[in-house]
A.B. asks: 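Please see the structure below; I have some questions.
Sequence lines set the chain letters: A, B, ... in the order given, protein chains first and strands last, and positions in each chain run from 1.
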Amino acid sequence: MEYNFRDIEKKWQQKWVDQKTYQVKEDNDKKKFYVLNMFPYPSGAGLHVGHPLGYIASDIYARYKRLKGFNVLNPMGYDAYGLPAEQYAIQTGQHPEVTTNQNINRYREQLDKIGFCFDWDREVRTCTPIYYHWTQWAFQHMFASYYDLSQQKALPIDTLIAHFAEKGTEGLNVAQSEELSFTVDEWNAMDEQQKSDTLMNYRIAFLGETMVNWCPKLGTVLANDEVVDGVSVRGGYPVVQKKMRQWCLRVSAYSQRLLDGLDTIDWSESIKETQRNWIGRSEGTEMQFKVKGTDQSFTIFTTRADTIFGVTFMVLAPESELVASLTTPEQKAEVDAYLDATKKRTERERMIDKKVTGVFTGSYAVNPFTGDEIPVWVSDYVLAGYGTGAIMAVPAHDSRDYAFARHFNLPIIPLIEGCDISEESFDAKEGIVCNSPKCPKEGQFSLNGLTVKEAIAATKKYVEEHKLGRVKVNYRLRDAIFSRQRYWGEPFPVYYKNGIPQMIPEECLPIELPAVDKFLPTETGEPPLGNATNWAWDEAGKQIVANEKIDNKTVFPIELYTMPGFAGSSAYYLRYMDPHNTEALVGKKADEYWQNVDLYVGGSEHATGHLIYSRFWNKFLFDLGYSVKEEPFQKLINQGMIQGRSNFVYRIKDTNTFVSLNLSKDYDVTPIHVDVNIVSNDILDVEAFKAWRPEYATAEFILEDGKYVCGWAIEKMSKSMFNVVNPDMIVEKFGADTLRMYEMFLGPVEQSKPWDTNGIDGCHRFLKKLWGMFFDRDGQLVLTDDAPTKDELRSIHKLIKKVGDDIENFSFNTSVAAFMICLNELNGLKSKNKQVMEQFVILMAPFTPHLCEELWEALGHDTSVCDAQWPEFNESFLKEDSVKMMISFNGKARFPMEFAADADNETIEKAVMDNPQTAKYTEGFQVAKVIIVPKKIVNIVLKK
RNA sequence: GCCGAAAUGGUGGAAUGGUAGACACGAGGGACUUAAAAUCCCUUGGGCAUAACGCCUGUGUGGGUUCGAGUCCCACUUUCGGUACCA
């Protein structure tokens, strides 16, 4: 009987559903293990073979852990809100809810065919009210919290209000948008509006007037990680800077903890490094510069305080508020013109065209060390959003300042001994400092002779002692902009009284997304939720029911923005622990049992987005006591991208004749992408090609050896390259087990690699072979009940060790190879041993669950192989009677010798030296030393 | 520019500092078959031999450490990711 994968897979997928094989419950008698995949956006294109890579790997791990006796949580869900779903809906002219559900159903169908052990009873969809209830709930808690820097945790905003009522801002060490200073009396004198505005400066979720990435084409603002090279990640539309009032999350408050936490988790060094760079901690100095002829002063931030004697000009960011106050009347026209010009340039233009621009303000700053007067300029190479939006320029030691100084003919003063600044600046933080003038105030302060490091420390000390500024740590990490002017997202649980934002009472949550006729965004940013009818709130924050009488006095406006894509994906792992709870995001019991994700699998492209937001969100919930672990994802594996392998045909120019690859160099040809599905092992199916498109119906071919050979290239998997391979097709042709095995066999999970269907036969053959070990032609089980032989035991225990180690190390490609080797060995031994094959089936069950269930059943078991026990490894079975060792001379292998397995070094050495072959190689040399590597090699070191 | 990862046959890829190329694909040869498919066996880094199944060479380049280096160290080249006027 043949291996009929179609029937087998169908049968077991149905049984798993019927018997709820993968349903998991908290069980205090078992150790928990939480495996999680980054949940997918259900996009319209469906899954291609690249998507399941991580799912298969984590599925194997989850099944393995279960066989090892763990209670394994392995859930799946959909990240259904956000731009991609809405863009797809707009493109197809349908309501996003309709398309999202369609896409989800399609995904589910595809996923089900691959045989994952997901507990679908725990599915979450971010767009369902029962789910986003808790997204809104978390937002409200962020609104009601501030961040205390001394305690390094979030605290209730009431604590801060009490502090203001008692001491004003005195003694405050908190995360804030800008440093405010007021007294108790000033606080008490504030009206409701002013108090609300003031508190926004501290809340973790706050309304802020900030420069945002505005994408007119998408009609919404975007977070920093959603913009790359000045265009939107989604769609590639231009993005401009715009000042808008937006909801923001004070992610920056957690900068230091996000940084420190990285040392406690098991993630790849590269992704940790990416996060470190994104957080961008930099230790520096803030210094105050007085403005000549006024009592005004301003602050700059620098990491190179040691270069204070090389400052030859100052630069302000065009958006800085200082520009207006420092521009002299004579310079006003010129400065205004410059500001106007920079405003018109988009981020993208600035990036492409990095020409040096700037304008003099007319003012001079005073160097606090020397009293020198320094011109103050404005230029767009200084950013308003980082540091203080003003810098001291040291052209000798900063390449940007250097370019500016050269362009505007400003002086350049070198401060490092022997540095050459004739062509470029000397940016390295090394060398011996020179050229310190005598500091007139202090007389003796000089940095000459110090290393740069020492000079920085000395300058910092001087600045602090003389109150010229302070030592300051800056972070590059910005607060996240949390509003989107779009339809398909979570509504904010916020309404407004007299323009003051109020939270909807907790018992009225969730605020459901209303149906609207027009959900398309507008270029001007009018939110689509404005089109909702019967969507009104009263003064107490209660929704007014449609049949109630509505008059203007009772209606209070509700927030019309929606939340961004990352809102729903930031705490979903907690929700899986307790997905049906209507009282809490996650119940205490479930949270304490499952704790956090032990193994998280997903793409590295989320390094600066989701993986930062989630960590922030979880830390916040941890501070409030809603999550028991500070870090959400203990171990992270980043699966590689699967690229496409495109095929080409070569058309001779201006003809409809196609020439085979190796003959194409003799002609003038144009390579054309051809659908990989009509190419097999790079040989084109000529008839299928003619049928593919009407224009090729009459195509003619120049063949080699009667075949048309296609060219190939590795490219991104995409429709336009005709290289998309769909998992359903593979499942149909070879079965899910073959697909699972082959995806793992392709190479290391973490590595990006091209998909190449060519090799899949090998895996399929292997499964057929395994089937053939069990059954004869009539489908009768041919295994015997004999006691296993020594050789059989050795072979299977080698496999137990290898596969166990490999799965723990996420090295699945080598374990697939190990299965093949073991099966070949058993085959060679003519092994038909039931006990041995039973263990083989358990070991392989994580990889090919359908086939193994079938074999398990054939072996006479009436339970699922999922509930079997991982075989115990016994090292004593690996022992061999004799061991082959390579004899080498000075590291060069020469001949093998066999020894008793328990031979000691002395015996081995003696046997080697007594061997007549040895003499041939030692002739004319002296034996200096004999190195014996157990079970491997005997190396004889020879000297003249 | 900066940060990170990598470079091994025709291809995907194996190798705790210890016989480089496991395993698989592809290719070549053979068996079975009227034939094909399927299946099985042999060969397969390069070179020289093949009368002795032995020798030489070989893991991007150049050095170094070591009895012994694909693996460790230094310098360089290339490729792929990420990031960028962050002061």
Side-chain angles (χ1 to χ4, degrees), chain A residues 2 228-229 268-278 280-282 284-285 300-305 307 315 317 350-351 354 356 379-383 385-394 397-401 403-404 427 474-478 604-605 607-608 638 640-641 643 645 681-682 712 714 741-742 745-748 750-763 765-766 768-769 772 805 811 813-821 824 884-896 927-943:
Chain A
E2 285 229 327
V228 173
D229 293 337
S268 75
E269 207 40 53
S270 82
I271 213 143
K272 284 190 193 178
E273 207 47 40
T274 305
Q275 289 212 342
R276 284 189 194 109
N277 290 340
W278 190 258
R281 180 189 158 102
S282 87
T285 315
I300 59 94
F301 175 79
T302 181
T303 53
R304 292 293 302 273
T307 59
V315 189
R350 270 200 202 184
M351 236 176 277
K354 283 190 185 173
V356 178
S379 174
D380 64 5
Y381 83 86
V382 174
L383 304 176
Y386 185 77
T388 60
I391 61 153
M392 62 180 214
V394 186
H397 302 295
D398 182 286
S399 50
R400 296 152 300 178
D401 298 344
F404 195 83
D427 290 13
N474 262 347
Y475 299 91
R476 205 180 73 107
L477 184 68
R478 312 286 180 84
S604 57
E605 66 272 21
T608 55
N638 297 115
M641 278 233 302
Q643 295 138 305
R645 187 176 187 279
N681 287 336
D682 292 336
W712 59 273
I714 304 304
M741 192 141 243
Y742 185 55
F745 186 64
L746 270 178
E750 288 102 321
Q751 196 172 301
S752 282
K753 57 210 160 237
W755 175 266
D756 183 354
T757 310
N758 289 345
I760 199 165
D761 277 338
C763 287
R765 263 176 225 151
F766 163 68
K768 281 204 268 193
K769 212 179 198 176
D805 290 354
S811 173
N813 57 331
T814 50
S815 36
V816 173
F819 284 121
M820 295 177 175
I821 294 167
N824 273 338
K884 228 182 209 174
M885 291 178 73
M886 184 53 66
I887 314 305
S888 67
F889 298 87
N890 286 346
K892 216 156 225 174
R894 289 301 166 179
F895 60 90
V927 176
K929 155 156 80 148
V930 178
I931 295 160
I932 298 175
V933 181
K935 291 182 186 171
K936 292 232 161 118
I937 218 163
V938 179
N939 189 33
I940 297 159
V941 183
L942 301 174
K943 274 188 188 156

A.B. asks: Select from Ser752(A) and Thr274(A) the residue whose nearest nucleotide in RNA chain B is closer to the 5' end of that strand.
C.D. replies: Ser752(A)
A.B. asks: Is there a side-chain polar atom (N or O) of Tyr386(A) under 4.0 Å from OP1 or OP2 of A87(B)?
C.D. replies: yes
A.B. asks: Please determine whether a side-chain nitrogen or oxygen atom of Asn277(A) lies at a distance below 4.0 Å from atom OP1 or OP2 of G82(B).
C.D. replies: no
A.B. asks: Select one nucleotide: of G18(B), U83(B), A14(B), the one nearest the side-chain heavy atoms of Thr814(A).
C.D. replies: A14(B)
A.B. asks: Only one of Val938(A), Val927(A), Ile940(A), Val941(A) clears side chain to side chain contact (heavy atoms under 4.5 Å, CB included) with Phe889(A); which?
C.D. replies: Ile940(A)
A.B. asks: Tell me, do Pro934(A) and Met885(A) make a side-chain contact under 4.5 Å, heavy atoms counted?
C.D. replies: no
A.B. asks: Using the C1' atom as the reference point in each nucleotide, state the distance between G21(B) and U44(B) in Å, no decimals.
C.D. replies: 12 Å
A.B. asks: Round to the nearest Å and state the distance from Trp755(A) atom CH2 to A24(B) atom P.
C.D. replies: 18 Å
A.B. asks: Counting side-chain heavy atoms from C-beta on, which of A87(B), G13(B), G18(B) comes nearest to Thr302(A)?
C.D. replies: A87(B)
A.B. asks: For C32(B) versus C41(B), give the span between their P atoms, rounded off to a whole number of Å.
C.D. replies: 16 Å
A.B. asks: Can you identify which nucleotide, out of A84(B), A87(B), G18(B), has its nearest atom closest to the Ile931(A) side chain?
C.D. replies: G18(B)
A.B. asks: Under 4.0 Å, counting only non-hydrogen atoms across every strand here, what does Arg276(A) touch: a base, just sugar-phosphate, or nothing?
C.D. replies: nothing
A.B. asks: Using a cut-off of 4.0 Å on non-hydrogen atoms, how would the nucleic acid contact of Arg478(A) be classed: base, sugar-phosphate, or nothing?
C.D. replies: base
A.B. asks: Please tell me whether Asp427(A) and Ser399(A) have a donor and an acceptor in their side chains that are separated by less than 3.5 angstrom.
C.D. replies: yes
A.B. asks: Measure from the side-chain heavy atoms of Val933(A) and tell me the nearest of C55(B), G18(B), A14(B).
C.D. replies: G18(B)
A.B. asks: In whole Å, measure the gap between the C1' atoms of A27(B) and U11(B) for me.
C.D. replies: 11 Å
A.B. asks: Phe404(A) CZ to A87(B) P: how many Å, rounded?
C.D. replies: 19 Å
A.B. asks: Rounded to the nearest 0.5 Å, what separation is found between the NZ atom of Lys768(A) and the CG atom of Asp761(A)?
C.D. replies: 8.0 Å
A.B. asks: Starting at CG of Asn758(A) and ending at C1' of G13(B), how long is that distance when rounded to a whole Å?
C.D. replies: 15 Å
A.B. asks: Flag the pair Phe745(A) / Ser815(A) as yes when at least one side-chain heavy-atom distance between them is below 4.5 Å, and no otherwise.
C.D. replies: no
A.B. asks: Starting at CD of Gln751(A) and ending at C1' of A14(B), how long is that distance when rounded to a whole Å?
C.D. replies: 12 Å
A.B. asks: Let me know the distance between CG of Asn890(A) and C1' of U19(B), rounded to the nearest Å.
C.D. replies: 16 Å
A.B. asks: What distance, rounded to whole Å, do you find between the two C1' atoms, one in G17(B) and one in G68(B)?
C.D. replies: 8 Å
A.B. asks: Quick one: label Met820(A) by what it contacts on the DNA or RNA (base, sugar-phosphate, nothing), any heavy atom closer than 4.0 Å.
C.D. replies: sugar-phosphate
A.B. asks: Can you give me the closest heavy-atom contact between Thr285(A) and Ala305(A), atom names plus distance?
C.D. replies: OG1-CB, 3.7 Å
A.B. asks: Using whole Å, report how far CD1 of Ile760(A) lies from P of A24(B).
C.D. replies: 16 Å
A.B. asks: I want to confirm an ordering. Mapping Lys768(A) and Lys753(A) to their closest nucleotides on RNA chain B, which one lands closer to the 5' end?
C.D. replies: Lys753(A)
A.B. asks: What integer distance in Å separates Asp761(A):CG from A27(B):P?
C.D. replies: 11 Å
A.B. asks: Hey, what do you get for CG (Leu477(A)) to OG1 (Thr608(A)), rounding to the nearest 0.5 Å?
C.D. replies: 10.0 Å
A.B. asks: Taking only the side-chain heavy atoms of Arg765(A) (C-beta and beyond), determine which of G26(B), A14(B), U57(B) contains the nearest atom.
C.D. replies: G26(B)
A.B. asks: What is the nucleic acid contact for Leu746(A), judged by heavy atoms within less than 4.0 Å: base, sugar-phosphate only, or nothing?
C.D. replies: sugar-phosphate
A.B. asks: Let's see if you can work this out: which of A87(B), G12(B), G13(B) has an atom nearest to the side-chain heavy atoms of Leu383(A)?
C.D. replies: A87(B)
A.B. asks: When the C1' atoms of G60(B) and A22(B) are considered, how many whole Å apart are they?
C.D. replies: 23 Å
A.B. asks: What protein N or O atoms touch nucleotides 48-54 of chain B N or O atoms at under 3.5 angstrom, if any, and at what distances?
C.D. replies:
none

A.B. asks: Starting the side chain at C-beta, find the nucleotide from A87(B), C85(B), A24(B) nearest to Asp380(A).
C.D. replies: C85(B)
A.B. asks: Determine the Euclidean distance between corresponding C1' atoms of G70(B) and G1(B); express it in Å to zero decimal places.
C.D. replies: 31 Å
A.B. asks: Taking Watson-Crick (N1-N3 plus N6-O4 or O6-N4) and G-U wobble (N1-O2, O6-N3), each under 3.5 Å, can you produce the dot-bracket string of RNA chain B? Use [ ] for crossing pairs and | for inter-strand ones.
C.D. replies: (((((((..(((.....[....)))((((((.......))))))((((.....))))..(((((..]....))))))))))))....
A.B. asks: Hey, what's the ring geometry for Phe404(A) with Tyr381(A), parallel, tilted or perpendicular (30° and 60° as the breaks)?
C.D. replies: tilted
A.B. asks: Side chain to side chain contact (heavy atoms under 4.5 Å, CB included), that's the test. Do Asn474(A) and Thr303(A) meet it? Break it down for me.
C.D. replies: CA-CA 10 Å; Asn474(A) 262 347; Thr303(A) 53; over 6 Å; no
A.B. asks: Nearest to the side chain of Pro748(A), heavy atoms from C-beta on, is which of U19(B), C85(B), G13(B)?
C.D. replies: G13(B)
A.B. asks: What nucleic acid atoms does Pro896(A) come within less than 4.0 Å of, heavy atoms only: base, sugar-phosphate, or nothing?
C.D. replies: nothing
A.B. asks: Kindly compute the distance separating CD1 (Ile760(A)) from CZ (Arg765(A)), expressed to the nearest 0.5 Å.
C.D. replies: 11.5 Å
A.B. asks: What is the distance from CG of Asn638(A) to C1' of G4(B), rounded to the nearest Å?
C.D. replies: 12 Å
A.B. asks: Determine, for Trp755(A) and Arg645(A), whether the Lys NZ or Arg CZ falls below 6.0 Å from the six-membered ring centre while staying within 45 degrees of the axis.
C.D. replies: no
A.B. asks: Among C40(B), A87(B), A84(B), find the nucleotide with the atom closest to the side chain of Arg476(A).
C.D. replies: A84(B)
A.B. asks: Pick the P atom in G54(B) and in A20(B), then give their distance to the nearest Å.
C.D. replies: 15 Å
A.B. asks: Which is true for Ile821(A) with a 4.0 Å heavy-atom rule: it touches a base, it touches only sugar-phosphate, or it touches nothing?
C.D. replies: sugar-phosphate
A.B. asks: Using only atom types and a distance under 3.5 Å, with no angle test, would you say the side chain of Asn638(A) pairs donor to acceptor with the backbone of Ser268(A)?
C.D. replies: no
A.B. asks: Could you tell me whether a side-chain N or O of Lys272(A) sits under 3.5 Å from a main-chain N or O of Ser270(A), the two making a donor and an acceptor?
C.D. replies: no
A.B. asks: Have a look at G60(B) and give me syn or anti from its glycosidic angle (syn if within 90° of zero).
C.D. replies: anti
A.B. asks: With rounding to the closest Å, how many angstrom separate the C1' atoms on G13(B) and C85(B)?
C.D. replies: 42 Å
